[in-house]
Protein chains: 2
Amino acid sequence: MAKNKRHVDKEQKAEEIELAAMELFIDVGFDASSMSMIAKAANVAPNTLYWYFKNKDDLLIAVLNRLVNASMKLYPSMMTKPLTEQTIWLLNQFKQTKGLISTVHTRIVHSPSIATWHDNFHRMIEMLLTAQLTLNGIPKDKIPFVASALTFVVEGLLSHEHNQEEEQEMINWVLRTQ
Amino acid sequence: MAKNKRHVDKEQKAEEIELAAMELFIDVGFDASSMSMIAKAANVAPNTLYWYFKNKDDLLIAVLNRLVNASMKLYPSMMTKPLTEQTIWLLNQFKQTKGLISTVHTRIVHSPSIATWHDNFHRMIEMLLTAQLTLNGIPKDKIPFVASALTFVVEGLLSHEHNQEEEQEMINWVLRTQ
DNA sequence: ACCTGAACACCGTTCAAGT
DNA sequence: ACCTGAACACCGTTCAAGT
């Protein structure tokens, strides 16, 4: 049906825009990626972006979801590995989007939708960690604490350069807690 | 001498601008504080700011130095207290400038002077922590590690809401490491 | 429903001109 | 040396008009 085809086209166009935005956000950063640049990369007029996304923050959220989904798709194959290895893997996944993490933190104050996204993201990570820490025999009452500590260390390692040994050492140190 | 008086006036005007910028940066954030708003608050024309500061990032650096100096002026009275208490105090000092921390991290990529400032800031914190950890009998070879961990935990506690007990617990945990 | 040209208010910054 | 009015190129976003 024509109606269905149109729907598919809309999804496709939105995807093109999100992919163009994703590349620019990662390569040159959120602030330096103007809506005009994104539009040009997606072969549409600048204001066309506003047909698909309420504003630039909403486009950022779409891109963030895409990145998280891509990582989560790969995660099942890591799930059975040791927790240290899993954490290092997660760290490296996030490293590719280093810049977007501080962008999210900066925009939380001005954008309620970014704030909500950030909350949900941390809730998801917390659930994932809680499940894994339980499997690894961490005492139930210590889990929220270790999950927080692990989050802090990963974020810390993301925003300050450390070599691979130091990263290993810090992650192991958190996980040795009991 | 007239020459000297002129010099004093220049310092005073620069101070007024920095104080106006500081208030706005803290209250509404760096991005939301336009150069025009800052100029109005300092009773000068917008382009006058560029006589005193090369650009908006340089004005940010001046404000950051002001904030750090204000904290460091209070620090000596804390120096003799237990390390846990010192860290909590430091955490609370930084809490007032929560937003500027992620601003700095975001701008590092685009501004070499912000990047340099950030490096120097962490070098200073590292030195301060190294001295204090030594006084507290932490083994010499463990110090760089504990200093990093403490930095990560403080930054983590700054960007994610935690209650006072949790803050205490996390800081104690890092310091218990040996 | 989907897309665009043109415009809007604003941004950081520069420049020529004034004292 | 210090300050400004006016302008520049750009920004995110809106609106009226087209298909």
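The chains referred to below are lettered A, B, ... by the order of the sequence lines, with proteins before strands, and numbering in each begins at 1. Predicted model, so just to flag it, every value in this text is computed and none were measured.
Contacts of Ser34(A) with the nucleic acid, taken as non-hydrogen atoms under 4.0 Å apart, involve only primed sugar atoms and P, OP1 or OP2.
A straight line from CD of Gln12(B) to C1' of dA1(D) spans 16 Å, rounded to a whole angstrom. As rounded to whole Å, 17 Å separates atom P of dT13(C) from atom CH2 of Trp51(B). Rounding to whole angstrom units, CG of residue Asp57(B) and C1' of dG12(C) are separated by 11 Å. What separates CD of Glu11(B) from P of dA1(D) is a distance of 16 Å, to the nearest Å. Atom CG in Leu49(A) sits roughly 13 Å away from atom C1' in dC2(C) (whole-Å rounding).
With distances taken from any side-chain atom of Met35(A) to the nucleotides dC3(C), dT13(D), dA1(D), the minimum falls on dT13(D). Set against dA1(D), dT13(D), dT4(C), the side chain of Val44(A) has dT4(C) as its closest nucleotide. For Lys13(A), counting side-chain heavy atoms from C-beta on, the closest listed nucleotide (dT4(D), dC3(D), dC3(C)) is dC3(C). The side chain of Lys56(A) sits closest to dG12(D) out of dG12(D), dC3(D), dG12(C). Each of dC11(C), dC2(D), dT4(D) was ranked by its minimum atom distance to the side chain of Ala45(B); first place goes to dT4(D). Comparing dC3(C), dT4(D), dT13(D) by their closest approach to the side chain of Tyr50(A) singles out dT13(D).
The closest donor-acceptor contact from the side chain of Ser111(A) to the backbone of Ile108(A) lies at 3.5 Å or more, if one exists at all. The backbone N or O of Ala20(B) sits nowhere less than 3.5 Å from a side-chain atom of Glu23(B) that would complete a donor-acceptor pair. Ser71(A) places no side-chain N or O within donor-acceptor distance of the main-chain N or O of Val68(A), the cut-off being under 3.5 Å. Within the 3.5 Å criterion, the main-chain N or O of Met79(B) finds a donor-acceptor partner in the side chain of Gln86(B).
Here dA1(C) sits opposite dT19(D) as a Watson-Crick or G-U wobble pair (both hydrogen-bonding atom distances under 3.5 Å). Nucleotide dA7(C) forms a Watson-Crick or G-U wobble pair with dT13(D), both donor-acceptor distances falling under 3.5 Å.
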